[in-house]
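Convention: sequence-line order gives letters A, B, ...; per-chain numbering from 1.
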There are 2 protein chains.
Amino acid sequence: MAEPRGTDRDPEAVSRFVEHFAAQLVEAGLPRMPARVFAALLASDTGVMTSAELGEQLRVSPAAVSGAVRYLAQQRMVSREREPGSRRERYRVHGDQWYEALTNREAVIRRWEDALREGVTSLGEHTPAGRRLAETLAFFEFVEKEVEAMMDRWRAHREERFGCG
Amino acid sequence: MAEPRGTDRDPEAVSRFVEHFAAQLVEAGLPRMPARVFAALLASDTGVMTSAELGEQLRVSPAAVSGAVRYLAQQRMVSREREPGSRRERYRVHGDQWYEALTNREAVIRRWEDALREGVTSLGEHTPAGRRLAETLAFFEFVEKEVEAMMDRWRAHREERFGCG
DNA sequence: CCTTAACTTCACAATGTTCTGAAACGAGCG
DNA sequence: CGCTCGTTTCAGAACATTGTGAAGTTAAGG
């Protein structure tokens, strides 16, 4: 059986996965270039790639890589590290870190909650509309707590399944 | 104290909330017009509006309403009902139904999982990249189960808090 | 049936978004 | 201290998205 190992990976297979997975991320709302960069990192053996490598694999300009990476770093989906003794930069998708980022739609949820609270107040908390908004708000507050607990359970689950695998 | 009731709602306050909340939804990836329509429904007293009412409140053409509503219905975020004895259509945001829709990023997650499975196979499940993809896949499978349980808990919580006033 | 009200579809115009090439920047090295 | 490699910034072109007006479709009511 021909299972890719080490350096002899089929670049076409990699590219096929990268583009397909990126397309799904785009559909879910991620901008295109960040999605492609992220997928490329995820599919790399080390989880680390330089700007040049990313540009080559995706056939895009350094400028595009720069923009995508800035976006991903802001979302905490990748981290950037300077390669010692060189002016190259390396981008890394850190196993755990990025799940956290995904569930860190928290920042987004927080904003929804604020808007809803304001709505409850300005429409009146005893109007039918106000009550609907209040219930929606309660839902998000509930979810926020639950997600936190869920991530704890995931870490335990993960430890068990992959920690000593 | 002057709390809005019945028909005498301050249209400007409503509009302010609608536009603000819609903006947050847009930021989270929802297309603009669907977001506005949805926010308008959420902020209505009955949770039901006609195409004409939506067009008037949002100052947009019937065509725009039509497109937005089709989108929302596909995402299961609103339901459409024909008003008996009239050719008007009414659009409703059903209290519970739309939380389900939100967590029905499930459809999205399912597609991610498919793409990841394919990646694990084509890159080889014992390569470093393959292992990373496999772990990511495991995470989503975990989340999928957890979300289901969470929604059960929410329904209970909701019943307790809102069910009996 | 024919009229008409309501919704939908379609082509196009307006508007945004996204990537590129070129120029500016800055950190390491001679 | 200036050269050079790598990254970033920026203006603009290519591209995609979105909403409109107008024509088309469907069904209620005369």
Side-chain angles (χ1 to χ4, degrees), chain A residues 15 18-19 21-41 44 48-75 77-93, chain B residues 15 18-19 21-41 44 48-75 77-93:
Chain A
S15 183
V18 166
E19 297 305 333
F21 188 59
Q24 307 303 322
L25 294 175
V26 168
E27 196 141 335
L30 210 66
R32 184 174 315 274
M33 193 59 63
R36 297 179 70 207
V37 166
F38 182 75
L41 278 167
S44 71
V48 176
M49 291 177 81
T50 67
S51 182
E53 289 168 335
L54 286 166
E56 189 191 3
Q57 159 145 24
L58 304 175
R59 318 307 312 270
V60 293
S61 71
V65 174
S66 174
V69 156
R70 171 157 36 113
Y71 178 95
L72 291 170
Q74 256 167 5
Q75 309 295 316
M77 291 176 70
V78 309
S79 58
R80 13 182 26 164
E81 6 182 289
R82 211 171 301 290
E83 192 170 86
S86 160
R87 63 221 97 165
R88 256 193 215 145
E89 205 136 14
R90 303 168 12 157
Y91 309 108
R92 148 168 288 143
V93 54
Chain B
S15 184
V18 166
E19 298 304 334
F21 189 59
Q24 307 304 322
L25 294 175
V26 167
E27 196 142 336
L30 211 64
R32 183 174 317 273
M33 193 58 65
R36 296 179 70 207
V37 167
F38 183 76
L41 279 167
S44 71
V48 175
M49 292 178 83
T50 67
S51 182
E53 290 169 334
L54 286 167
E56 189 191 3
Q57 158 145 23
L58 304 175
R59 321 306 313 269
V60 294
S61 70
V65 175
S66 175
V69 157
R70 173 158 34 116
Y71 178 95
L72 291 170
Q74 257 168 5
Q75 309 293 317
M77 292 177 69
V78 308
S79 58
R80 13 182 26 163
E81 5 183 289
R82 210 171 302 290
E83 193 169 84
S86 161
R87 63 221 95 167
R88 258 194 214 143
E89 205 137 13
R90 302 167 15 156
Y91 308 108
R92 151 168 284 145
V93 54

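- Using a 4.5 Å heavy-atom threshold, the side chains of A:Val60 and A:Arg36 count as touching.
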Inset, instruction - Go through the steps to decide whether B:Val93 and B:Leu72 satisfy the test side-chain contact (heavy atoms from CB on, under 4.5 Å), and finish with yes or no. - result: CA-CA 10 Å; B:Val93 54; B:Leu72 291 170; over 6 Å; no
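- Along DNA chain D, the stretch of nucleotides lying under 4.0 Å from any heavy atom of chain A spans, 5' to 3', D:dT4 to D:dT9.
- Rounding to the nearest 0.5 Å places CZ of A:Arg32 at 12.5 Å from CG of A:Leu58.
- Taken to the nearest 0.5 Å, the CG atom of A:Leu41 stands 11.5 Å off from the CZ atom of A:Arg90.
- Of the inter-residue distances, the one linking B:Arg88 atom CZ with B:Glu83 atom CD reads 6.0 Å to the nearest 0.5 angstrom.
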Inset, instruction - Between protein and nucleotides 5-24 of chain C, map the contacts as a letter string: B base, S sugar-phosphate only, - none, heavy atoms under 4.0 Å, written 5' to 3'. - result: BSSBB---------SBB---
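- For A:Val65 against A:Ser51, the heavy-atom pair with the smallest separation is CG1-OG, 3.5 Å.
- Taking CD of A:Glu19 as the start and CD of A:Gln57 as the end, the distance is 8.0 Å to the nearest 0.5 Å.
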